[in-house]
There are 2 protein chains.
Amino acid sequence: MNTLFKALSHPVRRRIVAMLRSGPLASGDIAAAFDMSWPTITGHLNALKEAGLVSPERDGQTIRYRLEISAVEEAMAFLMDIAGTGKPSPIPTTKTEGSRG
Amino acid sequence: MNTLFKALSHPVRRRIVAMLRSGPLASGDIAAAFDMSWPTITGHLNALKEAGLVSPERDGQTIRYRLEISAVEEAMAFLMDIAGTGKPSPIPTTKTEGSRG
DNA sequence: TCCCTAATTAGGAATATTCCTAATTGCAAG
DNA sequence: CTTGCAATTAGGAATATTCCTAATTAGGGA
C-alpha cells in the first residue's frame with residue numbers, strides 16, 4: 001500500500017504505467033521514450049515492480065514489463081473508500097505508521 | 001496531478017485523509033491522533049492543501065480541515081483510465097515531465 | 001570460446017522529504 | 001494592553017529520492 005502510492009507519486013513512473021496500458025513493452029523501448037539514462041529507467045521499473053504494478057517477463061535477451069491491473073485496482077479501492085463510492089470503513093486506528101528512521 | 005499523488009504517497013497523509021472521511025476536524029485534533037509534533041502535522045496538512053485534498057476553515061481560534069472529494073475523484077479518474085474502467089486515451093506524449101534540478 | 005546487444009547493479013553527487021524545537025501569528029477574553 | 005490557547009512559520013539535522021556514469025550480468029550467434 002505504501003510502496004504502491006509511492007510508486008505512483010513520480011511522473012515518470014505514472015507515464016510508464018500509462019504506456020503499459022496497451023500491452024507489455026521491453027525495458028529498452030520504455031527507456032527510449034524518455035530523456036533519461038537507461039539505468040535510471042531500470043530504477044523506476046524496479047520501484048514499480050516492488051509496488052506490484054508491473055512484472056518482468058524474459059524472452060531471450062529482452063525483458064518485457066507487463067502492467068498488473070490488480071495493483072491499480074488496489075489503489076483505486078483505497079480512493080473509492082475515501083470518496084464513499086465503496087463500502088465505508090471505521091476511522092483507522094493504525095498507529096503503526098508514524099515512524100521515522 | 002503531481003502534488004496529488006505525492007500527497008497520497010505518505011502514510012500519515014493518507015491516514016489524515018481517511019480521518020476526514022467522516023467530517024471536518026480541527027488541526028489540533030488531527031495532531032493529537034499521531035505520535036508526532038503538531039508542526040509536523042501542520043506540514044502534512046499543507047501538503048494536502050497544496051494538492052487540493054483538504055481545505056481549511058477558520059472558526060474562532062480553531063481551524064478545521066475539510067476533505068475535498070473532487071481531488072480524490074481526480075486521482076481515481078487517473079487509475080480508472082489505467083485500469084481500463086474509463087475511456088481509453090492514447091499513449092501519453094507529455095515529454096514535459098522528465099526533468100531534473 | 002569470444003563478441004555483441006539487452007538490461008541490471010554499484011557507487012556517488014545533487015536535491016527533496018521528513019521531522020524536530022524555537023519563535024511567531026491570530027484570535028478571544030480579562 | 002496583556003495573557004493564554006490554537007496553529008503556523010522558520011531553521012536545521014537526518015534520511016530518502018533521483019539521476020548519472022562505470023562496471024557487471026545474461027543471452028544469442030559465429
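No hydrogens, no waters, no symmetry mates; every other heavy atom, side chains included, goes into these values. Letters A, B, ... are given to chains in the order of the sequence lines, protein chains preceding strands, and every chain is numbered from 1. Computed from a prediction, not measured in an experiment: that's the story for all the values here.
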List in chain and number order the residues that pass side-chain hydrogen bond (donor to acceptor under 3.5 Å, both in side chains) with [X], two or more places apart in sequence or in another chain; answer none if no residue qualifies.
X: Thr3(B); value: none
X: Ser55(A); value: Glu68(A)
X: Gln61(A); value: none

To the nearest Å, give me how far apart [atom1] ([X]) and [atom2] ([N]) are.
X: Ile41(B); N: dC19(C); atom1: CD1; atom2: C1'; value: 10 Å
X: Met36(A); N: dA14(C); atom1: CE; atom2: C1'; value: 14 Å
X: Leu25(B); N: dA7(D); atom1: CG; atom2: P; value: 11 Å
X: His44(A); N: dC20(D); atom1: NE2; atom2: C1'; value: 12 Å
X: Phe34(B); N: dT18(C); atom1: CZ; atom2: C1'; value: 14 Å
X: Phe5(B); N: dT17(C); atom1: CZ; atom2: C1'; value: 19 Å

Which pair of heavy atoms, one from [X] and one from [Y], lies closest together, and at what distance?
X: Ala83(A); Y: Val72(B); value: CB-CG1, 4.0 Å
X: Ile69(B); Y: Ile82(A); value: CD1-O, 4.2 Å
X: Arg58(A); Y: Gly60(A); value: NH1-O, 3.0 Å

Legend entry - Distance in Å, Arg64(A) CZ paired with Leu25(A) CG, rounded so as to fall on 0.5 Å steps: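 Taking CZ in Arg64(A) and CG in Leu25(A), the distance rounds to 9.0 Å.
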Inset, instruction - Give a yes/no answer on whether the side chain of Thr42(A) brings an N or O atom under 4.0 Å of OP1 or OP2 in dT9(C). - result: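 Looking at the OP1 and OP2 atoms of dT9(C), neither is under 4.0 Å from any side-chain N or O of Thr42(A).
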Inset, instruction - Output yes when at least one side-chain N/O atom of His10(B) is less than 4.0 Å from OP1 or OP2 of dC19(C), else no. - result: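 Checking His10(B) against dC19(C): at least one side-chain N or O falls below 4.0 Å of OP1 or OP2.
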Inset, instruction - Using a cut-off of 6.0 Å, state whether more than 12 heavy atoms not belonging to Glu50(B) lie near its atom CD. - result: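 Atom CD in Glu50(B) is not packed in, count stays at 12 or less.
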Inset, instruction - For Ala26(A), report the nucleic acid contact type (base, sugar-phosphate, nothing); a contact means any heavy atom under 4.0 Å. - result: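 Sugar-phosphate contact only - Ala26(A) comes under 4.0 Å of backbone atoms but never of a base.
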Inset, instruction - For DNA chain C, find the residues of residues 59-66 of chain B with a heavy-atom distance under 4.0 Å and give them by number; none if there aren't any. - result: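 Contacts with DNA chain C under 4.0 Å: Gly60(B), Gln61(B).
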Inset, instruction - Could you identify which residues of residues 45-57 of chain A place a heavy atom less than 4.0 Å from some atom of DNA chain C, listed by residue number, or say none? - result: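 Of all residues in residues 45-57 of chain A, the ones placing a heavy atom under 4.0 Å from DNA chain C are Asn46(A).
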Inset, instruction - Please confirm whether the backbone N or O of Leu8(B) pairs with a side-chain atom of Arg14(B), one donor and one acceptor, at under 3.5 Å? - result: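 Confirmed, Arg14(B) side chain pairs with Leu8(B) backbone.
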Could you pull out the protein-nucleic contacts involving nucleotides 21-23 of chain D (nitrogen or oxygen on both sides, under 3.5 Å)?
none

Legend entry - Residue mapping more 5' on DNA chain D - nearest nucleotide basis, Lys6(A) or Arg58(B):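 This one resolves to Arg58(B).
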Inset, instruction - Treat each ILVMFWY residue as a node, draw an edge where side-chain heavy atoms are under 4.5 Å apart, and state whether Ile63(B) and Trp38(B) are in one component. - result: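 No, Ile63(B) does not connect to Trp38(B) through the hydrophobic network.
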Inset, instruction - Check Arg15(B), Arg13(B), Lys49(B) against His44(B) for a side-chain hydrogen bond (donor to acceptor under 3.5 Å, both in side chains) and give me the one that passes. - result: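 Passing option: Arg13(B).
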